[in-house]
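Have a look at the structure below before the remarks.
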Number of protein chains: 2
Amino acid sequence: MTFNKDESAGYLANHLARLFARDLQARIKPLGLSTGTFPALLVLWENDGLTQRELIERLDIEQPTMANTLTRMERDGLIRRCKDPADGRVQRIWLTDEARALEGLATAAAEAVNADALAGLGDEERAAFQATMRRIIATLQASADDRDTPARGRTESL
Amino acid sequence: MTFNKDESAGYLANHLARLFARDLQARIKPLGLSTGTFPALLVLWENDGLTQRELIERLDIEQPTMANTLTRMERDGLIRRCKDPADGRVQRIWLTDEARALEGLATAAAEAVNADALAGLGDEERAAFQATMRRIIATLQASADDRDTPARGRTESL
DNA sequence: TAACATTGCATATCAAGCTATGCAAGTGGT
DNA sequence: ACCACTTGCATAGCTTGATATGCAATGTTA
């Protein structure tokens, strides 16, 4: 009974994510954007002036990963980092006008990727798929928390 | 009507894949393995002596990515690359005894990740989820082919 | 207030993915 | 045999993800 990658949820999720990323990259490269900055932009388009930590929490990305992404975004003229006057440690992230101007085209590109990927699926199948993804994400986040904070008394993991 | 990342299949797929990778990484690091080599090992455990190209086709990975992965695997004593006597271009990939010895523990770790992730889902929900992932993968692969081979006469893209 | 802990961010280093490019080894046509 | 094309792989250089570590600024506490 050999392990079959094509029936492994983890392998399929990895493959699926790579295909989504390839598609998105192809569509947003003409806008001068890349896949790694996209999630940060989605958050910032909704709410400017966040700290790095707030971005990290909203996106479930490790802090050094976000720091590097923000450095690239600053280099590419998408954001500016400004010191918080009240707390000398904090750098607040502000979008440039150029980044704000890209919101419409960029989100349209992302919606096109989703529409492309989900074409051929019924409404209920799409809804079920996304609901299941969210449930698994929640499960894996909880088990990651267990790894970080090992056993707070109840439900010892044998 | 702002784009909502938490309802975007692409964003969810990316997040899900990162969580799967974190979990797998935590479990196979003690074995001296990493997530990038894992898919290659799954294929090679089933069938040794493949060429790089054959691995690429089975895993849908770009060729230079696979070349780098194989270099790391060789460095870490998991594989050996041997010139094909019949074709001087080809390097056939052979597992070392060390790599073969890891199959049981490694696949058990991967199964544990999947079991962990899918805990709380019913059998039919798991089956539906994996079926949908496979359908979307197929859809995205087809549309990538369209990008590479643009319009062979029929079904021009607008 | 001095000592210690925490918080926010940066840097170094690596893995894992990608595109672009180069080159050697085969293949095919003339 | 020679030229052009194709195939298989490697290398260079980038992005995106991670861990480990350091450090300055802030909080806390004796």
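These values consider heavy atoms only, across backbone and side chains, with no hydrogens, waters or symmetry-generated copies. Order of the sequence lines sets the chain letters (A, B, ...), proteins ahead of strands, with each chain counted from 1. The structure presented is a predicted model; accordingly, all values stated were derived computationally and were not measured.
A:T35 and A:Q25 share no side-chain donor-acceptor pair at under 3.5 Å. In the model, B:N68 has no side-chain atom that pairs as donor or acceptor with a side-chain atom of B:R72 under 3.5 Å. Counting only N and O atoms by type, the side chains of B:Q91 and B:D84 include no donor and acceptor under 3.5 Å apart.
Within the nucleic acid shown, A:T65 comes within 4.0 Å of at least one base atom, counting heavy atoms only. At the heavy-atom level, A:D76 lies nowhere under 4.0 Å from the strands shown. Here B:T71 lies out of heavy-atom contact (under 4.0 Å) with every strand. Among the protein residues, B:N14 comes within range of the sugar-phosphate backbone only, with heavy atoms under 4.0 Å from sugar or phosphate atoms but none that close to a base. B:T69 comes within contact range of no nucleotide atom at all, as no heavy-atom separation falls under 4.0 Å. Using a 4.0 Å heavy-atom criterion, one finds that A:R81 contacts the sugar-phosphate atoms exclusively. Heavy atoms of B:R75 sit under 4.0 angstrom from primed sugar atoms or phosphate atoms, though from no base atom.
Atom CD in A:E54 sits roughly 14 Å away from atom C1' in C:dC9 (whole-Å rounding). Nucleotide D:dC9 holds its C1' atom 13 Å from the CE atom of B:M66, rounded to whole Å. Per the geometry, CD belonging to A:E57 stands 10 Å off P belonging to C:dC9, to the nearest Å. The separation between B:Q91 atom CD and C:dA25 atom P is 12 Å, rounded to whole Å. Regarding B:D87, its CG atom lies at a distance of 12 Å from the P atom of D:dT7, rounded to whole Å. A straight line from CZ of B:R18 to C1' of D:dA18 spans 11 Å, rounded to a whole angstrom. Separating the CG atom of A:L19 from the P atom of C:dG17 is a distance of 12 Å, rounded to the nearest angstrom. Spacing between atom CD1 of B:I28 and atom P of D:dA18 amounts to 15 Å, rounded to whole angstrom units.
Note on A:R81 versus A:E74: salt bridge recorded, some NZ/NE/NH1/NH2 to OD/OE distance being below 4.0 Å.
Regarding contacts with the backbone of C:dA15, every side-chain N or O of B:T35 stays at 4.0 angstrom or more from both OP1 and OP2. Taking side-chain N and O atoms only, A:R22 has a distance below 4.0 Å to OP1 or OP2 of C:dC18. In this structure, A:Q52 reaches the C:dA10 phosphate: one of its side-chain N or O atoms is under 4.0 Å from OP1 or OP2.
Contact annotation: side chain of B:Q25 to base of D:dA18, donor-acceptor pair absent below 3.5 Å.
Picking from D:dT11, D:dA25, C:dA16 the nucleotide with the shortest atom distance to the side chain of B:S34 gives C:dA16. Ranking D:dT15, D:dG8, C:dA20 by closeness to the B:R53 side chain, first place goes to D:dG8. Checked against C:dC18, C:dG8, C:dA24, the side chain of B:R89 finds its nearest nucleotide in C:dA24.
At distances below 3.5 Å, not a single donor-acceptor pair connects side-chain atoms of B:T69 with backbone N or O atoms of B:T37.
The nearest heavy atom of DNA chain C to B:Q63 and to B:R72 marks one nucleotide each, and the one closer to the 5' end goes with B:R72. Comparing B:I56 and A:T37 by the nucleotide of DNA chain D that holds the closest heavy atom to each, the one mapping nearer the 5' end is B:I56. When the nearest nucleotides of DNA chain C are assigned to B:P64 and B:D84 by heavy-atom distance, the more 5′-ward of the two goes with B:P64.
Counting non-hydrogen atoms of other residues, nucleotides and ligands closer than 6.0 Å to CZ of B:R100 gives a total above 12.
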